[in-house]
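All figures in this text were calculated on a predicted structure; none of them were measured in a lab. So that the names make sense, note that chain A is the first sequence line, chain B the second, and so on, each numbered from 1.
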Amino acid sequence: MVPPNWGAVFVDRLLAWYEENGRHGLPWRADDASPFDVLIAEFMLQQTSAAQVLNVYEEFVETYPTPESILETPQERLAEDIESLGLKKRTRYLYESSEQLVEDHDSTVPNSRSELLELQGVGEYTAASVLAHGFEKDVAAVDTNVARILSRVFDLDRENDPGANENWVIAEVLLPVGHSSDYIHALIDFGAEVCTASNPNCENCPANSVCEFHLSEEKFE
DNA sequence: AAAGCGGGGTG
DNA sequence: CACCCAGCTTT
């Protein structure tokens, strides 16, 4: 059973770790990234490592800063530009969602969850990410990294399931109001570098004293 | 609920 | 060589 104050302690440790060790230089996290830039980055990052996206992101958003610029380009050309990322359907999602932005949203990115979810290729995680990073909304975003972290720290029943409502509820409860973007980035970086899927670095984890997973592991040492 | 997508990096 | 990566759509 997790003591009631563990959540707050965990978030404090997480944010302190992030300030010191986070991947602050990633271009799609820049303050001047537009909501459309954020949307492009989230499309690229689906099931794709940040290192791979780094190879193509900056040139892509410079070449295609608006949905119109996507639509003016043959899909074959777009496909070449992001070929190294894999997942070929991504090109169609980029193109069709750009059509939706132009036709239904006056060429802007909508700032509501329901409208974002209507876009081709946008699911719960991507919608939440755009709201947090593009519009500074106080919403949580749960991907496989976040689901894994929360499942371990709080010993959740539906382990590592980004679709489990419990993950979203906990992520929302822990959210530091006014800092959702840093909070989400912190969770993801933490999942990529400390609380990894295989061989998590519990020994050097700043939150291991408030983690059910680590404490239960210790019992079997 | 489960399968399928995908190039590139890692153990 | 098998497996994973800031998920989503379709069956």
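Nucleic acid contact class of A/Ala41 (heavy atoms, under 4.0 Å, all strands): none. Residue-level contact check: A/Ser129 touches neither bases nor backbone, having no heavy atom under 4.0 Å from any strand. Among the heavy atoms of the strands lying under 4.0 Å from A/Val122 are primed sugar atoms or P, OP1, OP2 only; no base atom is included.
Rounded to an integer number of Å, the gap from A/Phe43 CZ to C/dG7 C1' is 11 Å. As a whole-Å value, the separation of A/Leu94 CG from C/dG7 P is 16 Å. A/Glu96 has its CD atom 11 Å from the P atom of C/dT9, to the nearest Å. Atoms CG (A/Asp143) and C1' (C/dC4) sit 13 Å apart, rounded to a whole Å. What separates NZ of A/Lys89 from P of B/dG6 is a distance of 7 Å, to the nearest Å. In this structure, CD of A/Glu124 is placed 10 Å from P of C/dT9, rounded to the nearest angstrom. Protein atom CD of A/Gln46 is 13 Å distant from nucleotide atom P of C/dT10, rounded to whole Å. With rounding to whole Å, A/Leu87 atom CG is found 14 Å from B/dA3 atom C1'.
Shown here are the side-chain contact (heavy atoms from CB on, under 4.5 Å) partners of A/Ala171, two or more places apart in sequence or in another chain: A/Ala140, A/Val142, A/Leu150, A/Tyr183.
Classification of the A/His185-A/His133 ring pair by plane angle, with boundaries at 30° and 60°, yields parallel.
Separating the P atom of C/dT11 from that of B/dG6 is a span of 15 Å, rounded to the nearest Å. Nucleotides B/dA1 and C/dA6 place their P atoms 25 Å apart, quoted to the nearest Å. Straight-line distance between the P atoms of C/dT9 and B/dG8: roughly 24 Å, to the nearest whole Å.
Comparing C/dT9, C/dA6, C/dC8 by their nearest atom to the side chain of A/Tyr93 picks out C/dT9. Nearest to the side chain of A/Glu42, among C/dA6, C/dC8, C/dC5, sits C/dA6. Closest to the A/Leu45 side chain, of the nucleotides B/dG6, B/dG8, C/dA6, is C/dA6.
A distance-only check finds a donor-acceptor pair linking the side chain of A/Asn167 to the backbone of A/Asp161 [under 3.5 Å]. Formation of a donor-acceptor pair under 3.5 Å by the A/Arg90 side chain with backbone atoms of A/Phe43 is found in this model. A donor-acceptor pair under 3.5 Å links the side-chain atoms of A/Arg148 to the main chain of A/Cys195, judged by distance alone. Remark: side-chain polar atoms of A/Gln46 are paired, donor with acceptor, to backbone N or O of A/Gly121 under 3.5 angstrom.
We find the CG-CG distance between A/Leu39 and A/Leu119 to be 7.0 Å, quoted to the nearest 0.5 Å.
At a cut-off of 3.5 angstrom, counting only N and O atoms as typed in the model, there is no donor on one side facing an acceptor on the other between the side-chain of A/Thr48 and the base of C/dG7. Applying the 3.5 Å distance criterion, the base of B/dG7 shares a donor-acceptor pair with the side chain of A/Gln52.
DNA chain B is contacted by both A/Ala51 and A/Arg90; A/Arg90 maps to the nucleotide lying nearer its 5′ end (nearest heavy atom per residue). Toward the 5′ end of DNA chain C lies the nearest nucleotide of A/Asp189, the other residue of the pair A/Arg92 and A/Asp189 mapping further downstream. Ranked by how close their nearest DNA chain B nucleotide is to the 5' end, A/Lys88 and A/Asn199 are led by A/Lys88.
Summarising the local packing, CD of A/Glu193 is surrounded by more than 12 heavy atoms from other residues, nucleotides or ligands at distances under 6.0 Å.
For C/dG7, the OP1/OP2 oxygens have a side-chain nitrogen or oxygen of A/Thr144 closer than 4.0 Å. The shortest distance between the side-chain N/O atoms of A/Gln47 and the OP1/OP2 oxygens of C/dG7 is below 4.0 Å.
Base-pairing analysis of DNA chain C finds the following stems of at least three consecutive Watson-Crick or G-U pairs, with both pairing distances under 3.5 Å: B:1-5 with C:7-11, B:7-11 with C:1-5.
A salt bridge does not link A/Glu83 to A/Lys88: none of the charged nitrogens lies less than 4.0 Å from a carboxylate oxygen.
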